[in-house]
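Following: one structure in structure tokens, then a few remarks.
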Amino acid sequence: MTHYPQDKVRLQWIDALRAFAILLVVYGHHASTPVFSAFFNPVKMPLFFALSGYLFHIKAGGDKAFFKRTLRSLIIPWLSLTIIPLLVAIPIKGMDYIMDSIIKVVTGEMFWFMPCFIIANIIFYYIIKLTRNRQLPIVLCILAFSAIGYILRRKHILDLCMINMAMMVQFYFLIGHLYKKYEKRLQGYFKQTGIMLLLCYLAIGVFFFPESKTDVHNAFFHNLPICTLMTTIGVTGLFMLSSTISNYPKWLLMVGMNSLVIYMFDTYLEIPVTLFYHFNDQLYIVTFFATVIYTAYSSTMSIIIAKFINKFFPWATGHRG
């Protein structure tokens with residue numbers, strides 16, 4: 001969920017897509033339905049990986065510099081945002097519960113995305129490095145890694161730290177990487193092509209429903225070729241269309257810039273809400289509006305928390321201070 005220096009407009013659409021993805025994550029955690037799984041899951045989590053593939057480039061400094069950046073921008077924030085809330089809960093839950101929770105976080109049983117994302121970045125780095133950034137070897141390596149990772153995930157082999165998932169999602173990194181490579185050739189056609197691709201995405205979802213149902217976390221694809229096609233078309237269409245918009249609402253950009261905090265704190269922000277409301281216990285339309293309101297509440301509160309952390313503990317979110 002980190003980003004590298006880009007021009008102002010590009011930063012806006014990247015953060016806007018992060019915001020779109022994390023808002024879908026929060027909504028989906030509380031009101032997931034077959035329709036949501038079919039029309040939003042194919043792009044929800046893949047967007048994060050594809051954006052990293054788009055932004056990725058090997059900087060000077062070699063392996064040491066790469067791992068130093070990974071430690072500062074991903075590992076320390078992930079562990080810090082895990083441990084800080086748990087420390088507050090020690091008097092209530094006890095030390096045994098806290099230690100058990102930390103183990104589950106590190107192994108990927110809780111907040112699975114972060115260990116998967118970190119390992120996936122490392123795998124992608126070495127694929128790019130060892131292939132010397134040559135396109136055909138990159139594509140072949142990533143397709144092999146993704147296929148093996150999918151099989152391992154389905155058989156629950158290498159579930160520890162989500163290693164199998166980190167292999168499987170290399171395909172999503174590839175989407176962003178290839179888009180970046182051919183981006184300049186497509187300029188001038190972004191808006192029209194983006195709209196067309198998103199319309200195709202919706203059409204495929206409608207025509208093949210429920211075969212378009214997707215759950216990336218569990219490597220469940222009701223129809224693997226259809227779901228893969230939807231992800232490729234949907235992510236590419238969103239990239240194209242979002243990059244044509246020059247100004248986004250400030251709140252949306254804040255959501256994108258603090259997507260990691262939102263992801264990590266949503267579980268805790270849900271607790272007071274569930275004391276008086278249980279999601280999916282009402283009619284669909286009631287659940288829909290209640291979850292939209294909750295998503296706005298969770299993201300807004302997370303931004304407030306992020307502002308506090310960034311001011312007093314910037315290292316906890318990957319900032320230098």
Side-chain angles (χ1 to χ4, degrees), residues 1-4 14-15 18-19 21-23 25-26 29 44-53 55-56 63-90 97-126 158-170 172-173 216-217 254-270 298-299 301-303 305-321:
M1 295 185 189
T2 56
H3 59 264
Y4 301 101
I14 289 170
D15 285 329
R18 281 204 192 94
I22 195 61
L23 291 174
V25 168
V26 175
H29 279 170
K44 182 180 69 176
M45 299 310 298
L47 267 175
F48 288 116
F49 300 111
L51 285 169
S52 288
L55 294 169
F56 187 90
D63 294 356
K64 183 177 180 180
F66 169 75
F67 282 103
K68 185 177 180 180
R69 289 193 300 271
T70 300
L71 179 66
R72 185 184 69 244
S73 63
L74 290 176
I75 297 176
I76 290 177
W78 165 48
L79 295 179
S80 299
L81 295 177
T82 296
I83 294 172
I84 290 173
L86 290 176
L87 291 176
V88 178
I90 288 178
Y97 171 84
I98 303 305
M99 294 305 299
D100 181 61
S101 296
I102 292 174
I103 291 173
K104 288 181 178 179
V105 167
V106 173
T107 59
E109 290 185 58
M110 292 175 59
F111 304 120
W112 69 270
F113 174 80
M114 285 309 297
C116 173
F117 188 68
I118 291 167
I119 295 174
N121 269 279
I122 295 172
I123 292 173
F124 190 71
Y125 168 79
Y126 278 107
L158 294 180
D159 279 344
L160 183 67
C161 298
M162 308 305 294
I163 295 173
N164 46 25
M165 278 292 297
M167 296 171 64
M168 190 188 84
V169 301
Q170 293 302 307
Y172 306 139
F173 276 77
V216 172
H217 176 206
M254 289 295 295
V255 169
M257 288 186 285
N258 295 288
S259 55
L260 175 59
V261 177
I262 295 171
Y263 175 74
M264 299 298 292
F265 276 84
D266 176 60
T267 300
Y268 306 106
L269 292 170
E270 177 190 11
S298 178
S299 54
M301 291 300 298
S302 296
I303 289 173
I305 294 170
K307 284 182 174 291
F308 175 84
I309 295 174
N310 288 333
K311 182 175 181 179
F312 296 102
F313 312 101
W315 46 267
T317 53
H319 296 289
R320 294 177 181 272

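Count residues from 1 along the sequence. These figures come from a predicted structure and were not determined experimentally.
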>> C116 and side-chain contact (heavy atoms from CB on, under 4.5 Å): which single residue from M162, M45, M168 fits?
In response: M162
>> I want to check something: taking the side chain as every heavy atom from C-beta on, are Y125 and T70 in contact at a cut-off of under 4.5 Å?
In response: no
>> Could you work out, with side-chain contact (heavy atoms from CB on, under 4.5 Å) as the rule, every residue matching K68, not counting sequence neighbours?
In response: none
>> If the condition is side-chain contact (heavy atoms from CB on, under 4.5 Å), which residues does Y97 pass it with, not counting sequence neighbours?
In response: K93, S101
>> Can you classify the ring geometry of Y263 versus F113 as parallel (below 30°), tilted (30 to 60°) or perpendicular (above 60°)?
In response: perpendicular
>> Using the rule given for side chain to side chain contact (heavy atoms under 4.5 Å, CB included), can you reason through V216 versus M165, listing the C-alpha separation, both sets of side-chain angles and the distance that settles it, and then say yes or no?
In response: CA-CA 9 Å; V216 172; M165 278 292 297; 3.8 Å; yes
> Closest heavy-atom contact between S80 and P85?
Replying inline: O-CD, 4.3 Å
>> For L260, run the side-chain contact (heavy atoms from CB on, under 4.5 Å) check against L74, I22, L81 and tell me which one passes.
In response: L81
>> So which atom in V261 and which in S302 form the shortest heavy-atom distance, rounded to 0.1 Å?
In response: CG1-O, 3.6 Å
> So how far is it from I76 CD1 to T317 OG1, rounded to the nearest 0.5 Å?
Replying inline: 11.0 Å
> Where do P77 and R72 come nearest, in terms of heavy atoms and distance?
Replying inline: CD-O, 3.2 Å
>> For F313, is the CZ atom crowded, meaning more than 12 foreign heavy atoms sit under 6.0 Å from it?
In response: no
>> If I compare all heavy atoms of P115 with all of C161, which pair ends up nearest, and what's the gap?
In response: CB-O, 3.7 Å
>> To the closest 0.5 Å, what do you measure between CD1 (I83) and CD1 (I102)?
In response: 5.0 Å
>> Looking at every non-hydrogen atom in both residues, tell me the closest pair between I98 and L86 and how far apart they are.
In response: CD1-O, 3.3 Å
> In Å and rounded to the nearest 0.5 Å, what is the CG to CH2 distance from D159 to W112?
Replying inline: 12.0 Å
> What do the steps show when you test F173 against F56 for ring-ring contact (aromatic ring centres under 6.0 Å, His included), and what is the final call?
Replying inline: CA-CA 9 Å; F173 276 77; F56 187 90; 7.8 Å; no
> How close do R18 and D15 get, heavy atom to heavy atom, and via which atoms?
Replying inline: NH1-OD1, 2.8 Å
>> Can you tell me how the ring of F49 sits relative to the ring of F117, calling it parallel under 30°, perpendicular over 60° and tilted otherwise?
In response: tilted
>> For the CD1 atom of I305 and the CD1 atom of I84, what is their distance to the nearest 0.5 Å?
In response: 10.5 Å
>> Determine whether V105 and W78 satisfy the following criterion, side chain to side chain contact (heavy atoms under 4.5 Å, CB included), listing intermediate values before the conclusion.
In response: CA-CA 9 Å; V105 167; W78 165 48; 3.5 Å; yes
>> Using 0.5 Å steps for rounding, measure from the OG atom of S52 to the CG atom of L47.
In response: 11.0 Å
> To the nearest 0.5 Å, what is the distance between CG (N258) and CD1 (I303)?
Replying inline: 6.0 Å
